[in-house]
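Reading through the structure tokens given below for one structure.
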Amino acid sequence: MVRELTHFIGGKHTTGGSGLFGDVYDPNTGTVQARVPLAGRADTEAAITDAAAAQRDWGQWNPQRRARILLRFLQLVDAERDSLARLLSAEHGKTVADAHGDLQRGLEVVEFAAGIPHLLKGEFSDNAGPGIDVHSLRSPLGVVAGITPFNFPAMIPLWQAAPALACGNAFVLKPSERDPSVPLRLAELFVEAGLPPGVLNVVNGGKEAVDTLLEDPRVQALGFVGSTRVAAHVYATAAAHGKRAQCFGGAKNHLIVMPDADLDQAVDALVGAGYGSAGERCMAVSVAVPVGEETADALVAALTERVNALRIGRSDDPEADFGPLVSRDALDRVRRYVDIGVNEGAELVVDGRDFTLPGHENGFFAGASLFDRVGPRMRIYREEIFGPVLCVARAADYEEALRLPSEHPYGNGVAIFTRDGDTARDFTRRVHTGMVGVNVPIPVPVAYHTFGGWKRSGFGDLNQHGPDSVRFCTRTKTVTSRWPSGAREGASFTLPTMG
Ligand code: NAD
């Protein structure tokens with residue numbers, strides 16, 4: 001049976017008026033499991049209208065009262081964690097265990113945002129001048145919108161919505177149309193937790209909904225996470241409409257293996273971070289950089305054995321290392337990139353192109369592929385594949401290994417595996433990427449630090465979650481006050497100074 005999904009506007013479910021629908025697939029079988037309405041301009045404007053109306057009251061609630069809604073939300077999600085993870089896995093294709101991680105990383109940002117009374121405290125300067133005090137306030141922006149990708153349908157909507165709501169904004173979420181059920185359910189749970197209807201609205205859809213959010217003057221700020229092509233477009237268009245924007249794009253994350261690294265640990269890290277979630281993570285490791293021929297030969301030999309042994313299965317198979325890709329298009333793209341790599345002259349050590357899961361011939365399963373001797377000019381090195389394909393780019397020495405991620409157009413995450421503190425410290429200071437791991441393959445920062453890539457991986461100067469998210473979701477007002485008690489001083493025609 002095909003489920004019928006809706007938008008969630010003003011606390012009510014509606015299919016809107018566009019008459020357009022998209023298909024949500026079961027990636028295990030390749031069949032349609034749900035239909036989602038695609039919002040037109042009028043549907044999106046209705047969501048913005050409700051959000052703007054609801055924000056007027058919500059923005060006046062004291063921060064502690066708003067935090068209580070987040071705390072109640074956490075309890076409600078906790079009670080249905082498993083069903084949410086299963087729903088997420090069934091639409092996305094990641095394993096159920098991995099879907100739990102997707103949800104958990106999102107909840108950690110809700111926990112962070114529940115500290116909002118403390119986070120919103122302004123600055124105060126006593127006696128900044130004669131009888132003068134100065135203080136700052138952080139005010140909500142009004143309506144904030146978020147446009148999120150398919151690959152973290154719980155985590156990224158929560159990363160965006162929780163700080164925005166905690167700061168007193170209303171939020172319009174436009175999740176990926178490929179796996180919209182979990183974001184919808186999370187919005188329902190916010191309302192069940194006591195969030196006034198309209199403060200959080202979900203509009204499903206694609207470009208038309210996004211264009212409306214970009215152009216409507218009532219939307220003050222916009223967060224985007226997805227591919228670099230769309231991130232760059234959203235950033236430029238938001239700026240042209242006078243909006244604040246933070247837009248995060250694609251990635252090509254390198255993992256450097258120094259000759260002194262523990263090879264078993266490095267191989268475990270590469271296999272997990274390269275092939276987990278079928279490589280559909282913005283922090284997936286897609287390039288391994290062994291330093292020196294000896295390290296490279298040993299690494300490729302160990303990787304070959306491990307990659308050949310990976311277990312690919314249904315997303316609900318508890319034994320599976322990874323499940324199917326999200327769509328037929330994604331599967332075709334991954335196979336195309338493996339063809340490209342072969343034509344470019346890279347050495348295909350493990351070929352996953354012909355993999356099929358017995359009984360699931362129409363599912364979107366890609367086998368694991370491993371390339372050796374990948375060069376920095378090859379497309380498989382420069383472009384994001386977003387699938388279970390790991391490229392080994394051999395570096396002659398440390399300086400070459402440092403140059404590879406630093407000169408790459410993307411700059412999301414990078415990792416170095418070494419036992420040498422001096423090398424690790426030098427690397428973390430000199431490498432040109434936004435997030436760095438030392439013996440940590442996926443250095444996604446904890447919720448109370450910020451997450452964001454450099455170069456073509458991130459547009460805008462404020463990152464996601466952590467203190468940056470509070471700055472992004474508020475504007476600062478600075479108040480200078482004076483309570484004169486002495487004699488009248490008369491008019492002054494010179495610029496006031498503090499004496
Ligand atoms: P996508 O760019 O196709 O879609 C992202 C969002 O934009 C979706 O909500 C989609 O509906 C919307 N969209 C798509 N085309 C649009 C257009 N032309 N105009 C306006 N809106 C449009 O990305 P995706 O395939 O859903 O997600 C995968 C990508 O996201 C990968 O490149 C991955 O690296 C990236 N990603 C980045 C981060 C990060 O933090 N840097 C995190 C997760 C994913």
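Both counts, for ligands and for their atoms, begin at 1 and track the order of listing.
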Go ahead and list the nitrogen or oxygen contacts between ligand 1 and the protein that come in under 3.5 Å, distances to 0.1 Å, or just say none.
residue, atom, partner, partner atom, Å
ligand 1, 2 (O), Ser227, N, 2.9
ligand 1, 2 (O), Ser227, OG, 2.6
ligand 1, 9 (O), Thr148, O, 2.8
ligand 1, 9 (O), Lys174, NZ, 2.8
ligand 1, 11 (O), Lys174, NZ, 2.7
ligand 1, 11 (O), Glu177, OE1, 2.7
ligand 1, 23 (O), Ser227, N, 3.4
ligand 1, 25 (O), Arg178, NH2, 2.8
ligand 1, 26 (O), Phe150, N, 3.0
ligand 1, 26 (O), Arg178, NH2, 3.3
ligand 1, 30 (O), Gly226, O, 3.2
ligand 1, 32 (O), Glu384, OE1, 2.6
ligand 1, 34 (O), Glu384, OE2, 2.6
ligand 1, 41 (N), Gly249, O, 2.8

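A donor-acceptor contact closer than 3.5 angstrom links the side chains of Tyr337 and Glu383. No hydrogens or angles considered: nothing links the side chains of His465 and Gln160 as a donor-acceptor pair under 3.5 Å. No side-chain N or O of Thr476 forms a donor-acceptor pair with one of Arg471 less than 3.5 Å apart.
Between Phe459 and Tyr235, the ring-plane angle classifies as tilted under the 30° and 60° cut-offs.
Listed by first then second residue, pairs satisfying side-chain hydrogen bond (donor to acceptor under 3.5 Å, both in side chains) with a partner in residues 19-35 read Arg3-Gln33, Glu4-Arg35, Asp26-Asn28, Asp26-Thr29, Asn28-Ser315, Thr29-Thr31, not counting sequence neighbours.
The two residues Thr44 and Val203 come nearest to each other via the heavy atoms CA-CG1, 4.2 Å.
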